[in-house]
Amino acid sequence: KEFIFILEKINNGYPIEYIFREVEFFSDTFYIEEGVLIPRDDTEVVVERAINLINNLQTSNDNVKVVDCCTGSGIIAIEIAKHTNAKVIATDISKKALKVASINVKKHNVDVEVKKCDLFNEVADVLVANPPYVEISHKKPNVYEPDIAFFAGDDGLDIIKKIILKAKELEYKIAVIEIGYNQKESLSNFLTKKVKKFDFFNDLAGNVRGVEIIF
């Protein structure tokens, strides 16, 4: 009966990760539940990029502070805490996301502070984010994941732009942000003359997946 119940849910498009409340990311297992974005493998390249940058920064500064904005399930913050010596703060506006992130922090026994916040208000060195970046005209992969984790205006850049301007205002050194495959040109125009340097990078499929910004 349980198998038939699960099969019917999957056939109706219900994510298997929500059924078993488990998702694999960066060779680790995380808790997940409905109401929180399911981590995707594509985000792993963003995490790898951030970890390398933070570790390089730590060679000249032992007190690197990192904020993971729009943390969702907390996976980015947790992997950074595991692979660097940085002080890590994870922020989100969603109570459900903060609950799931807190469960994962405890599950992985890492030193990550989880805070409820609209974007972030922490002064830090490095900003990492996988924010909502989908155009409102785009269709979600399923109806069960929360809209708030996907959509960000007509071009999908509303929240990304706010994050960048906030980080600049708070004098961050570096930001690593996940973006959509089709947002490179628009974001390039936005970043020009606002920051010192920016560099786009691809995922394993060869699609644009993120941007590294030097403020």
Side-chain angles (χ1 to χ4, degrees), residues 17 22-32 36-59 61 64-92 94 97-98 100-115 119-120 122 124-134 141 145 149-150 152 159-160 163-164 167 172-181 183-184 187 198-215:
E17 294 88 352
E22 188 174 281
V23 61
E24 297 290 324
F25 182 84
F26 221 71
S27 300
D28 285 323
T29 303
F30 292 89
Y31 175 80
I32 194 72
V36 181
L37 181 76
I38 299 168
R40 267 69 167 179
D41 292 342
D42 291 336
T43 303
E44 291 188 359
V45 297
V46 178
V47 175
E48 288 175 354
R49 187 93 170 198
I51 288 169
N52 289 335
L53 283 166
I54 293 162
N55 283 330
N56 288 335
L57 195 61
Q58 283 182 316
T59 59
N61 181 2
V64 174
K65 185 176 177 182
V66 179
V67 169
D68 171 28
C69 177
C70 308
T71 194
S73 56
I75 54 154
I76 293 177
I78 290 165
E79 293 300 342
I80 288 173
K82 281 189 170 189
H83 295 92
T84 75
N85 293 319
K87 174 178 173 54
V88 185
I89 298 172
T91 68
D92 207 295
S94 163
L98 294 170
V100 171
S102 296
I103 291 171
N104 281 320
V105 166
K106 186 175 181 180
K107 173 183 174 73
H108 288 272
N109 192 28
V110 290
D111 186 12
V112 172
E113 183 181 358
V114 180
K115 298 182 72 172
L119 299 185
F120 57 98
E122 302 286 336
D125 303 292
V126 180
L127 176 73
V128 186
N130 177 17
Y133 58 78
V134 177
E145 289 181 276
F150 280 92
I159 294 176
I160 288 175
I163 287 172
I164 291 168
Y172 277 62
K173 294 182 176 73
I174 300 169
V176 182
I177 303 172
E178 182 166 336
I179 68 171
Y181 72 94
Q183 295 172 332
K184 181 177 179 179
L187 197 53
F198 57 92
D199 181 37
F200 295 94
F201 55 92
N202 297 345
D203 57 26
L204 296 179
N207 298 314
V208 172
R209 183 56 53 191
V211 61
E212 173 193 325
I213 300 168
I214 308 297
F215 291 99

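Along the sequence shown, the residues carry numbers beginning at 1. All values reported here derive from a predicted model rather than from experimental measurement.
Counting heavy atoms from C-beta outward, Pro39 and Ile32 have side chains that approach closer than 4.5 Å. Under the 4.5 Å side-chain criterion, counting only non-hydrogen atoms from C-beta, Tyr181 is not in contact with Asp203. Residues Phe26 and Lys82 are not in side-chain contact: their nearest non-hydrogen atoms beyond the backbone lie 4.5 Å or more apart. You'll find the side chain of Pro132 reaches within 4.5 Å of the side chain of Cys70, heavy atoms only. The closest side-chain heavy-atom distance from His108 to Tyr31 is not below 4.5 Å. At least one side-chain heavy atom of Glu113 sits under 4.5 Å from a side-chain heavy atom of Lys87. In this structure the side chain of Thr84 never reaches within 4.5 angstrom of the side chain of Val64, judged on heavy atoms. Annotation: side chain of Ile54 is in contact with side chain of Ile80 (closest heavy-atom distance under 4.5 Å).
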Does Tyr133 form a side-chain contact (heavy atoms from CB on, under 4.5 Å) with Ile177? I'd like the steps, not just the answer. CA-CA 10 Å; Tyr133 58 78; Ile177 303 172; over 6 Å; no
Val208 vs Gln183, test: side-chain contact (heavy atoms from CB on, under 4.5 Å). Steps then yes/no. CA-CA 8 Å; Val208 172; Gln183 295 172 332; over 6 Å; no
The test is side-chain contact (heavy atoms from CB on, under 4.5 Å); show your working for Leu127 and Cys69 and say whether it passes. CA-CA 7 Å; Leu127 176 73; Cys69 177; 3.9 Å; yes
Taking it one step at a time, do Ile78 and Val105 satisfy side-chain contact (heavy atoms from CB on, under 4.5 Å)? CA-CA 7 Å; Ile78 290 165; Val105 166; 4.1 Å; yes
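Judged purely by atom type and a 3.5 angstrom limit, Asp125 has no side-chain atom pairing as donor or acceptor with the backbone of Lys173. Between the side chain of Asn104 and the main chain of Phe30, no donor-acceptor pair closer than 3.5 Å is present. For the pair Arg209 (side chain) and Asn207 (backbone), a donor-acceptor distance under 3.5 Å is absent.
Looking at every heavy atom in both residues, Asp68 comes nearest to Thr71 through OD2-OG1, 2.6 Å. When all heavy atoms of Leu98 and Lys115 are compared, the pair lying nearest together is CD2-O, 3.5 Å. Taking each heavy atom of Leu57 and Ile174 in turn, the nearest pair found is CD2-CD1, 4.4 Å. The minimum heavy-atom distance linking Pro131 with Ile163 is given by the pair CB-CD1, 3.7 Å. Across every non-hydrogen atom of Val67 and Phe120, the tightest pair is CG1-CB, 4.0 Å. Between Ala86 and Gln58, the shortest heavy-atom contact is N-NE2, 2.9 Å.
In this structure, Tyr172 OH and Lys65 NZ are separated by 7.0 Å, a value rounded to the nearest 0.5 Å. Distance CD/Glu48 to CZ/Phe201: 10.0 Å, rounded to 0.5 Å. If you take CD1 on Ile214 and CZ on Phe198, they are separated by 12.0 Å, rounding to the nearest 0.5 Å. To the nearest 0.5 Å, atoms CG (Leu37) and CG (Asn130) are separated by 6.5 Å. Summarising the geometry, atom CD1 belonging to Ile51 is positioned 6.5 Å from atom CD belonging to Glu79; distances are rounded to the nearest 0.5 Å.
Checking each of Leu187, Val176, Ile160 against Val211 for a side chain to side chain contact (heavy atoms under 4.5 Å, CB included) leaves exactly one that passes, namely Leu187.
Side-chain atoms of Glu178 and Thr43 include a donor-acceptor pair closer than 3.5 Å.
Environment of NZ in Lys107: crowded, with over 12 heavy atoms of neighbouring residues, nucleotides or ligands closer than 6.0 Å.
A salt bridge links Asp199 with Arg49: the distance from a Lys NZ or Arg NE/NH1/NH2 to an Asp or Glu carboxylate oxygen falls below 4.0 Å.
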